[in-house]
Amino acid sequence: MAASTMFNEEQINKMKGLKREPDFIEVQCGCTSRKYGDTIGKLKIFANGQFLIDCVCTTGCKEGNMTPYDFEKHSGKDGARKWTHHIWVSIGEEKIPLHKTVLLKYYKHTSNEASTSCRGKRIFHRDEFIRCSRCKKERRFRMRTKEECRIYHDALLARRWKCVNWPYDKIDCDAGEERSSRRSCRGCPRLPACEGCTTCVCLGCLKCRFKDCNCRTCVDFMQNAEPS
């Protein structure tokens, strides 16, 4: 869909710095730090749902095509990272956070995946286990990288996963299972024997959800999840 047939809401027409191009619109945005004050940028929203920001905080600043997350970090904003709440646009004399505007309805995870950094968000995934359909022993899967998350994800979707399919070493059902005391340690950075907390349990991110996967979990995430 072309930008000329989108972005027609009255609220957008009132935004400061509005500029319309064939495949995107541009509006002035900003992020406020207690230490550095307002950092001003130009937010480009493309027809495909991608969000990019060029910083104009100083005449010498060369930071361009930044993700909203990177712009928030560049501004020196302290505290928790939540760019949808911290980056604002100007409507009249008011600074309106993005999450209170109509702009976020155009955001699409699939269009922003390549430029979004899971490492920046510090999302942690604890180790997971899958039970062999034959011997019923549980095997550990590491979840530190996107590749490891995909290996676990695909194994979880397998109808009858078996020990011989374990990706790390060649084993069969005769191989011993981890001791229960060892299985309780799943890598949580907060507490070694954690049973699951907000630090180590992820409910969905671009590291463990995949746009080329047709399972319901991934499809729902890519279509419906709010930007974070």
Mind checking whether [X] and [Y] sit in one hydrophobic cluster, side chains of I, L, V, M, F, W, Y counted as touching below 4.5 Å?
{"X": "M66", "Y": "Y106", "value": "yes"}
{"X": "V102", "Y": "I45", "value": "yes"}
{"X": "W161", "Y": "L156", "value": "yes"}
{"X": "I151", "Y": "V164", "value": "no"}
{"X": "I96", "Y": "I12", "value": "yes"}

Mind checking whether [X] and [Y] have side chains closer than 4.5 Å, heavy atoms only?
{"X": "R183", "Y": "E138", "result": "yes"}
{"X": "I25", "Y": "L43", "result": "no"}
{"X": "E26", "Y": "L18", "result": "no"}
{"X": "T67", "Y": "W83", "result": "no"}
{"X": "H125", "Y": "C208", "result": "yes"}
{"X": "C61", "Y": "V56", "result": "no"}
{"X": "V27", "Y": "K16", "result": "no"}
{"X": "D172", "Y": "C163", "result": "no"}

Task: Centroid separation W88 to F71 less than 6.0 Å - done: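 They do not qualify: ring centres at least 6.0 Å apart.
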- [ ] Tell me whether the centres of the aromatic rings in F129 and F141 are closer together than 6.0 Å.
- [x]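 Judged by ring-centre distance (under 6.0 Å), F129 and F141 do not meet the cut-off.
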TODO: Return yes if a side-chain donor-acceptor contact under 3.5 Å exists between H74 and E63, otherwise no.
DONE: no
What are the two closest heavy atoms between [X] and [Y], and how far apart are they?
{"X": "A155", "Y": "I130", "value": "CB-CD1, 3.6 Å"}
{"X": "L103", "Y": "F51", "value": "O-CZ, 3.4 Å"}
{"X": "I87", "Y": "I53", "value": "CD1-CD1, 4.0 Å"}
{"X": "M143", "Y": "D127", "value": "N-OD1, 3.9 Å"}
{"X": "R140", "Y": "C185", "value": "NH1-O, 2.9 Å"}
{"X": "C173", "Y": "C132", "value": "SG-SG, 3.7 Å"}

TODO: Could you walk me through whether I40 and Q28 pass side-chain contact (heavy atoms from CB on, under 4.5 Å), step by step?
DONE: CA-CA 7 Å; I40 305 301; Q28 179 179 296; 3.8 Å; yes
Output the distance between atom [atom1] ([X]) and atom [atom2] ([Y]), rounded to the nearest 0.5 Å.
{"X": "C29", "Y": "M15", "atom1": "SG", "atom2": "CE", "result": "11.0 Å"}
{"X": "K77", "Y": "E72", "atom1": "NZ", "atom2": "CD", "result": "8.0 Å"}
{"X": "R142", "Y": "Y152", "atom1": "CZ", "atom2": "OH", "result": "15.0 Å"}
{"X": "E128", "Y": "C149", "atom1": "CD", "atom2": "SG", "result": "9.0 Å"}
{"X": "R186", "Y": "E195", "atom1": "CZ", "atom2": "CD", "result": "9.5 Å"}
{"X": "K207", "Y": "R144", "atom1": "NZ", "atom2": "CZ", "result": "8.5 Å"}

TODO: Kindly indicate, with the supporting measurements, whether the criterion salt bridge (Lys or Arg N to Asp or Glu O under 4.0 Å) is fulfilled by K44 and E21.
DONE: CA-CA 10 Å; K44 292 179 287 187; E21 297 292 344; over 6 Å; no
Task: K162 atom NZ, neighbour heavy-atom count above 12 within 6.0 Å - done: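 Yes, because the 6.0 Å sphere around NZ of K162 holds more than 12 heavy atoms from other groups.
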- [ ] Assess whether atom CG of N214 is packed by more than 12 heavy atoms of other residues, nucleotides or ligands within 6.0 Å.
- [x] no
- [ ] Using modelled atom types only, decide if a donor and an acceptor are shared between the side chain of K211 and the backbone of C218 within a distance under 3.5 Å.
- [x] no
Open item on the list: Can you see whether F7 has R20 sitting over its ring - NZ or CZ less than 6.0 Å from the centre and within 45° of the normal?
Closed with: no
Task: Pairwise side chain to side chain donor-acceptor pair (under 3.5 Å) hits with a residue in residues 93-104, at least two apart - done: D38-K95
Task: From CA spacing to verdict: side-chain contact (heavy atoms from CB on, under 4.5 Å), H153, C213 - done: CA-CA 10 Å; H153 178 79; C213 178; 3.2 Å; yes
Task: Pair R139-I171, side-chain contact (heavy atoms from CB on, under 4.5 Å): steps then yes or no - done: CA-CA 10 Å; R139 303 301 184 186; I171 64 171; 3.7 Å; yes
